[in-house]
Undergrad: 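Handing you this structure, nothing more for now.
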2 protein chains.
Amino acid sequence: MNAVIDILKENNLSITDGRKQILSLFLKTDGALSHADIEKEAHKKLDRITIYRTLQTFVNKGIIHVIPTTDNSILYALCRDECSEGHHHDKHVHFVCNECHTTYCLEQIDVPQVSLPKGFSEVQTDVVVNGYCAKCKP
Amino acid sequence: MNAVIDILKENNLSITDGRKQILSLFLKTDGALSHADIEKEAHKKLDRITIYRTLQTFVNKGIIHVIPTTDNSILYALCRDECSEGHHHDKHVHFVCNECHTTYCLEQIDVPQVSLPKGFSEVQTDVVVNGYCAKCKP
DNA sequence: TATAGTATGCAACTAAGTTGCAAATTTCAT
DNA sequence: ATGAAATTTGCAACTTAGTTGCATACTATA
Ligand SMILES: [Mn+2]
Ligand SMILES: [Mn+2]
Ligand SMILES: [Zn+2]
Ligand SMILES: [Zn+2]
């Protein structure tokens, strides 16, 4: 619980109840979280607008990153790479379980190199794998 | 323009003005189209709800497919693979140009195989590359 | 050309997200 | 510890995207 305060301080963010609650949710969660997850799981009720703004702040600071999904929902997860204000380096594969719907950051799996047609150049590649996680293997 | 009618007939869809207009837009467009693109470019004005329903119908029939994007917009493009009712096989890489914002289906580029952690199994992999297209190369 | 079957357009509704602003909370220098 | 300044929060109001029910219009077929 002190880790939460440390992270907020390191990022020059004032220590507020909402930020502590949301950040500790991320720290204790294995997979990714949506806005709705947070609204549901935060014990002391948080205003939905505060949640929007807190998530935005955390993304800007490089504390969490947005996960691309194929169903156009928006998910967030802790940055484990050395991300900082305005500079994300979360170049890993994301995995969504079709059974439990948990979304994992596969930090250890590098994004594969895709060979593009002549004249095309890559800036960023997002890979989202759908399937069954280890807990739900079919 | 007869191709449009042929495609609709092949798929047992009645020939309506809206469907003809939307499908011919897809046939004459290089990249992908959003709902808003269609609303804008259809000359004879189409009701936005008709557009929603027509896109849904075309996706169901395997005439167009939904393209995963990283900015959570929804894009559609013609299926060139042999997709059919309820069975899509659009296993190709998608490319979004950061300059002209055109989204291309790179039919010729296969989705790379990602090696997952033990216990995880793949059902579908989506790859979205952002960068600069041949027309916009920096 | 009449009829049955579809598709369309409208209205009304829901869900997600944004912005402005006053009140509350946090920070920080005394 | 105290109070002022700076920041964050919660509310209201608004926007945008998408869905559903239903009466009307259109399309297919005999
Ligand atoms: Mn991640
Ligand atoms: Mn495609
Ligand atoms: Zn699972
Ligand atoms: Zn381009």
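We use all heavy atoms of the structure for the numbers below, so side chains are in, but hydrogens, waters and symmetry mates are not. In what follows, every chain begins at residue 1, and chains take the letters A, B, ... in the order their sequences are listed.
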Undergrad: With DNA chain D as reference, determine whether Y52(B) or D47(A) sits nearer its 5' end, using the nearest nucleotide of each.
TA: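 The residue mapped nearer the 5' terminus is D47(A).
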
Undergrad: Return the value, rounded to whole Å, for the distance between atom CZ of R19(A) and atom P of dA24(C).
TA: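 These atoms are roughly 19 Å apart.
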
Undergrad: Is the phosphate of dT9(D), meaning OP1 or OP2, less than 4.0 Å from a side-chain N or O of T16(A)?
TA: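 Yes.
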
Undergrad: Consider the side chain of T54(A), meaning its heavy atoms from C-beta on, and name the nucleotide among dT9(D), dC11(D), dA17(D) that approaches it most closely.
TA: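 Of the candidates, dT9(D) comes closest.
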
Undergrad: Check the distance between dG17(C)'s C1' and D71(B)'s CG and give it to me in whole angstrom.
TA: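 Rounded to the whole Å, the gap is 15 Å.
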
Undergrad: So, S34(B) and D37(B): side-chain donor and acceptor under 3.5 Å apart, yes or no?
TA: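 Note: S34(B) and D37(B) side chains meet the donor-acceptor criterion.
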
Undergrad: Return no unless some side-chain N or O of R48(A) is found under 4.0 Å from OP1 or OP2 of dG17(C).
TA: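 For dG17(C), neither OP1 nor OP2 has a side-chain N or O of R48(A) closer than 4.0 Å.
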
Undergrad: Send over the distance from I38(B) CD1 to dG18(D) C1', rounded to a whole Å.
TA: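 In whole Å, dG18(D) C1' and I38(B) CD1 are 15 Å from each other.
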
Undergrad: Pick the closest DNA chain D nucleotide for D17(B) and for I74(B) by heavy atoms, then say which residue is nearer the 5' end.
TA: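 Upstream on the strand: I74(B).
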
Undergrad: Once rounded to the nearest 0.5 Å, what's the spacing between atom CD of E107(B) and atom CZ of R80(B)?
TA: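 Here the rounded value is 6.0 Å.
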
Undergrad: So which nucleotide from dT27(C), dC11(D), dA28(D) ends up closest to the side chain of I15(A)?
TA: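 Looking only at heavy atoms from C-beta outward on I15(A), the closest nucleotide is dT27(C).
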
Undergrad: When you check the side-chain N and O atoms of Q21(B) and S24(B), is any donor under 3.5 Å from an acceptor?
TA: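 Short answer, no.
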
Undergrad: Using whole Å, what does the distance between atom C1' of nucleotide dT18(C) and atom CG of N72(B) come to?
TA: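 After rounding, the gap between these two atoms is 16 Å.
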
Undergrad: Is a salt bridge present between R48(B) and E39(B), judged by a nitrogen-to-oxygen distance below 4.0 Å?
TA: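 Looking at E39(B) together with R48(B), the answer is no, because their closest N to O distance does not fall below 4.0 Å.
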
Undergrad: Taking CD1 from I49(A) and P from dC21(C), how many angstroms apart are they, rounded to a whole number?
TA: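 Rounded to the whole Å, the gap is 15 Å.
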
Undergrad: Nearest whole angstrom, please: distance from the C1' of dT8(C) to the CD of Q56(B).
TA: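 After rounding, the reported distance stands at 16 Å.
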
Undergrad: Whole-Å distance between dA7(C) C1' and Q21(B) CD?
TA: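 To the nearest whole Å, that distance equals 15 Å.
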
Undergrad: Using OP1 and OP2 only, check whether a side-chain N or O of S14(B) sits under 4.0 Å from dT6(C).
TA: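 Result: no.
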
Undergrad: Please confirm whether any donor atom in the side chain of R53(B) sits under 3.5 Å from an acceptor in the base of dG9(C), or the reverse.
TA: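 Answer yes: a donor N or O sits under 3.5 Å from an acceptor.
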
Undergrad: D37(B) CG to dA17(D) P: how many Å, rounded?
TA: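 Atom-to-atom, D37(B) to dA17(D), this comes out as 12 Å.
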
Undergrad: Answer whether the closest heavy-atom distance between the side chains of T54(B) and R19(B) falls below 4.5 Å.
TA: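 The answer is yes; the side chains approach within 4.5 Å.
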
